[in-house]
Protein chains: 4
Amino acid sequence: MKAARPATAVRKRPRQQRSRATVDAITQAATYILVESGWEGLTTNAIAERAGVNISSLYQFFPGKEAIVAELQLRHAAESRVKLAEALEQLPGQSSLRDALALLVAAIVDEHRIAPAVHRAIAEELPGSVRHAAPDDVVEGQLLAAFSPFMRNVPNPQLACRIARIAVHAVIHETASRTPAMLDHPGFNEELVALLMPFLQRPAVG
Amino acid sequence: MKAARPATAVRKRPRQQRSRATVDAITQAATYILVESGWEGLTTNAIAERAGVNISSLYQFFPGKEAIVAELQLRHAAESRVKLAEALEQLPGQSSLRDALALLVAAIVDEHRIAPAVHRAIAEELPGSVRHAAPDDVVEGQLLAAFSPFMRNVPNPQLACRIARIAVHAVIHETASRTPAMLDHPGFNEELVALLMPFLQRPAVG
Amino acid sequence: MKAARPATAVRKRPRQQRSRATVDAITQAATYILVESGWEGLTTNAIAERAGVNISSLYQFFPGKEAIVAELQLRHAAESRVKLAEALEQLPGQSSLRDALALLVAAIVDEHRIAPAVHRAIAEELPGSVRHAAPDDVVEGQLLAAFSPFMRNVPNPQLACRIARIAVHAVIHETASRTPAMLDHPGFNEELVALLMPFLQRPAVG
Amino acid sequence: MKAARPATAVRKRPRQQRSRATVDAITQAATYILVESGWEGLTTNAIAERAGVNISSLYQFFPGKEAIVAELQLRHAAESRVKLAEALEQLPGQSSLRDALALLVAAIVDEHRIAPAVHRAIAEELPGSVRHAAPDDVVEGQLLAAFSPFMRNVPNPQLACRIARIAVHAVIHETASRTPAMLDHPGFNEELVALLMPFLQRPAVG
DNA sequence: TATGAATGAGCGTTCATTCAT
DNA sequence: CATGAATGAACGCTCATTCAT
């Protein structure tokens, strides 16, 4: 095991334009290598070479490769959150749960359609030690707020939200990773809606 | 002459009792390290050291660490399959979908309760290059056969089975990994049943 | 990912003066070890240690020890060829075969006198797998051109040239390797000339 | 460098028939591997495996692989010597030098025709440290004795014999190694005779 | 005595990271 | 600053050899 890594923050925020270009080249190269060769092949030397920058330059902006993938995860999570937030904002206007769910599902599917390989690499190839757990609680809170009005006879709305989130995300993610073609299958989204609908609006018990 | 290693087959089957112990020590050590330090820390030297065997002995039985984790995955998958098969065998006798689902969910939860850390390590820490995709299709076929009789108004039973399998497994796995205590929460299983029930038995459309 | 090394090309050309020194130290150390301990003792670690450079530096410039000995052979062959070429250029001016042969023999002897141990090591210690066959055909062509005018009653000049080349080289090489003192023996060169002279200028048959 | 090898003699002369079979299997396997993979691939484990004997058995008969190749060289040299001796015995009866040389050359060519690959492997692949210099002096003595009567105007018969031996052997060996087909070329032997004849029977000087 | 198992020492190679220009 | 060069600490793997049954 190498010496304890000194955190994973960038070393120096790039201010000049040239620096920005360097940093971008590095993150793009890292993304490419991560997708192609996984975390195993993601070496600082390889990143620098592919980015066309000197290895020392890389270390001027990042303290190590963990910092680079941290940046990657950050950007990726930010993009995802934006996508999801846009969708969630439209929800309150929806009159039916079905429409709301359709919107949500479509948003997540869209998000996975963009760069499924990158998605997969970040989600599956990174070892636990460098994985920055996305703050799912925030998302769950948003979901809870958005869907509470529609719920009927749900004993534990928070738990239900967790389950719903995990389930729908897992199915979409798995599909995007293994059989991406199915994302375009017309019935796919409907099935997910069909899964969640009666789970959130249940018939009265007894 | 560094002949390319032929993937992940064992090199030599242990015949004497002494070597059986060696092989066991190796697999146990590998499991331990995989759980504690992830795939990154899983070096052949570390395995041998922790197992208390010479590094050469390790290579006498395994051509590399990939082979060791392959063995681990194999054993693990076999155990899982046995568990699941036992549960599935009892299904046909069940009269209601609710009972059948309860049985299935309980089986998967049980399976995850045993060694959640090992489960997580095998499922999440291994890089794609050494992951032996469990033949999910088989399981899905079994599920399809078991639940077909109960399904009502499901347009695409096969797709529904996939979704159900992925969803329930993801929720349980995630829960076992992050908040294992919740596996014992009384309502947890019920919620999963509540998720799948109306998904497989739907009200008539139109 | 142990990508198969692409044989024996250099990895990186040294640009700064500092690294030129490193590369030189490596080749010199390799020569020394090859002479002292043969191919068996020629390990990359030993080379680096004797050269006083870090093992990683070695790998920055050479992909392995095969590449280093390839370089050695290249340099050595180049030197030899220059020596021989110089001698061959003077041949056309010679009026008698005896003088021409004397010149040739003297050149080859000289070539072997410089560093007989290095010569021997390169010629005998290297395993076939790393031996870069010197393009003898070129030399033979030159010899043929140079000696054709002198030949008399030689049925197959090309074959005769081969035999002459191999014979004279073998005798000189063997002598330089086992009993180098004899290279200075006054009659040695004459004997070789005496061997070849009547072989190239034969009495009429019948 | 490994610990100093304790000489290269066999450990134990096989007396029983079974032992002889084991030793033969070992030497044959060693020969095969030496030819196929060179000295580099000649490991004791490989020899034992190919010979179908246990590695420990190998060490019961040989103290190391050096001893095995020593045995190989011994057998090979013995065979060669027998061949040569047979030829030399017939020489005294020959009336002319030409006939005597033809006989000698034919014998050496024959010797190389049998197993050129083995010949080459033993002659070229072995590192100097394990090469048992064939006692060439003996052969040279025999040659001197056999050819002395025929020599005319040779200032240094002993040196001439050396040169003759080295030259003829080198040419034949090289030819057997690189272009074995030429050994059957009708003029090949004659050329060698033509090389040596006037070298041993020279016209009076002055 | 024949066999499987064990072992220490070492080799080739890479990688993350720092130094010097 | 940007670049080439340097480096130490591993890691994967093999080999010759011995031990234990």
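To find a chain, count down the sequence lines: A is the first, B the second, and so on, and within it residues start at 1.
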Does F/dT7 pair with anything, Watson-Crick or G-U wobble, both distances under 3.5 Å, and if so, with which nucleotide?
-> E/dA16
Heavy atoms under 4.0 Å, any strand shown: does C/L58 hit a base, just sugar-phosphate, or nothing?
-> nothing
Considering heavy-atom distances to DNA chain E, does C/A46 or D/V53 have its closest nucleotide positioned more toward the 5' end?
-> D/V53
Let me know, please, whether C/I55 or B/R18 comes out on the 5' side of the other along DNA chain E by nearest nucleotide.
-> B/R18
Would you say a side-chain N or O of D/Y59 is under 4.0 Å from OP1 or OP2 of F/dT17?
-> yes
From CD1 of D/I26 across to P of F/dT17 the rounded distance in Å is 13 Å
C/E79 with C/R75: basic N within carboxylate O range, under 4.0 Å = no
Starting at atom CZ of C/F62, determine the distance to atom P of F/dA6, rounded to an integer number of angstrom.
-> 12 Å
Any donor-acceptor pair under 3.5 Å between the side chain of A/N54 and the base of F/dG4?
-> yes
So, does D/R131 use its side chain to make a donor-acceptor pair with the main chain of D/L126 at under 3.5 Å?
-> yes
Exercise: do D/N45 and D/T43 side chains pair donor with acceptor under 3.5 Å | no
Donor-acceptor pair under 3.5 Å, A/S57 side chain vs F/dC1 base = no
Under 3.5 Å donor-acceptor pair, C/T43 side-chain atoms to E/dG10 base atoms = no
For C/G64 and C/Y59, the nearest pair of non-hydrogen atoms, with its separation, is CA-CE2, 4.2 Å
Output yes when at least one side-chain N/O atom of B/T44 is less than 4.0 Å from OP1 or OP2 of F/dG12, else no.
-> yes
Any donor-acceptor pair under 3.5 Å joining the side chain of B/N45 to the base of F/dA10?
-> no
Below 4.0 Å: OP1/OP2 of F/dT3 and any side-chain N or O of A/S56 | no
Partner of F/dT21 by Watson-Crick or G-U wobble geometry, both contacts under 3.5 Å, or none?
-> E/dA2
In whole angstrom, give the distance that lies between atom CD of A/Q60 and atom P of E/dT17.
-> 15 Å
Sugar-phosphate only, base, or nothing, as touched by A/L42 at under 4.0 Å among non-hydrogen atoms = sugar-phosphate
Counting heavy atoms not belonging to D/E124, are there more than 12 under 6.0 Å from its CD?
-> yes
